[in-house]
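Accompanying notes for the structure given below.
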Amino acid sequence: MKRDWELIRKILLKLEQKVDDTPLDSESIKGFSVDVVGYHYQLLSQAELICIEDNSTMGDADFVAINLTWQGHEFLDKIRSDTAWNKIKQIIKTKGIDLSFDAIKLAGKSLLISLLK
């Protein structure tokens, strides 16, 4: 399964907007299958951006997202605004590199530095 950066951003934004302790199940993200969302929950947990709970049973994967980690908040700060997100994607595309976690962080940092000058 391919990593979907638009879905990742959507998950992080949705977790940030939560106002209570209710976990976000895989059906909470509209427009994506439960399996795709669950897979991305696992990826984000492996990257230490979110905390998840594994409610899987024999032969049935079921993950829920609990909250953002400190690193999750820091990463989301770089990609939260649509303008910044689109500029980051454009910077990366212009440089001819793949959209990766490190590339997004670096492009976000570069964008921030250019805005502060």
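Sequential numbering from 1 along the given sequence is applied to the chain's residues.
In this structure, Ser26 OG and Ile52 CD1 are separated by 9.0 Å, a value rounded to the nearest 0.5 Å. In this structure, CG on Leu43 lies 6.0 Å from CD1 on Ile8, to the nearest 0.5 angstrom. With rounding to the nearest 0.5 Å, the separation of CG in Leu49 from CD1 in Ile11 is 10.5 Å. The line from CD1 of Ile50 to CG of Leu76 is 12.0 Å long, rounded to the nearest 0.5 Å. The NZ atom of Lys10 lies 13.5 Å from the CG atom of Leu15; values are rounded to the nearest 0.5 Å.
Think of Ile66 as one node in a network of Ile, Leu, Val, Met, Phe, Trp and Tyr side chains linked at under 4.5 Å; its network also takes in Val64. Clustering of Ile, Leu, Val, Met, Phe, Trp and Tyr by side-chain heavy atoms under 4.5 Å joins Leu106 with none of the others.
Residues in residues 86-99 take part in these salt bridge (charged side-chain N to carboxylate O under 4.0 Å, His left out) pairs, two or more places apart or across chains: Glu6-Lys89. The list of ring pair (Phe, Tyr, Trp, His ring centres under 6.0 Å) pairs with a residue in residues 81-117, not counting sequence neighbours, reads Phe75-Phe101. A side-chain hydrogen bond (donor to acceptor under 3.5 Å, both in side chains) check over residues 62-73, counting only residues at least two apart or in different chains, returns nothing. The salt bridge (charged side-chain N to carboxylate O under 4.0 Å, His left out) pairs that include a residue from residues 72-84 are Arg9-Asp82, Glu16-Arg80, Asp77-Arg80, where partners are two or more places apart or lie in different chains.
Between Lys14 and Ser28 the shortest side-chain heavy-atom distance falls below 4.5 Å. Between Leu68 and Leu12 there is a side-chain heavy-atom pair separated by less than 4.5 Å.
Applying the side chain to side chain donor-acceptor pair (under 3.5 Å) criterion to Asp54, with sequence neighbours excluded, gives Ser56. Partners of Thr94 according to the side chain to side chain contact (heavy atoms under 4.5 Å, CB included) rule, which considers only residues two or more places apart in sequence or in another chain, are Gln90. Here Asp20 pairs with Thr22 under the side chain to side chain donor-acceptor pair (under 3.5 Å) rule; sequence neighbours left out. Shown here are the side chain to side chain contact (heavy atoms under 4.5 Å, CB included) partners of Ala103, two or more places apart in sequence or in another chain: Ile92, Ile97, Ser100.
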Name each donor-acceptor pair under 3.5 Å that joins a side chain in residues 32-41 to protein atoms two or more places apart or in another chain, with its distance.
unit_1, atom_1, unit_2, atom_2, d
Ser33, OG, Val36, N, 3.1
His40, ND1, Val36, O, 2.8
His40, NE2, Asp4, N, 2.8
Tyr41, OH, Leu24, O, 3.2
Tyr41, OH, Asp25, O, 3.1

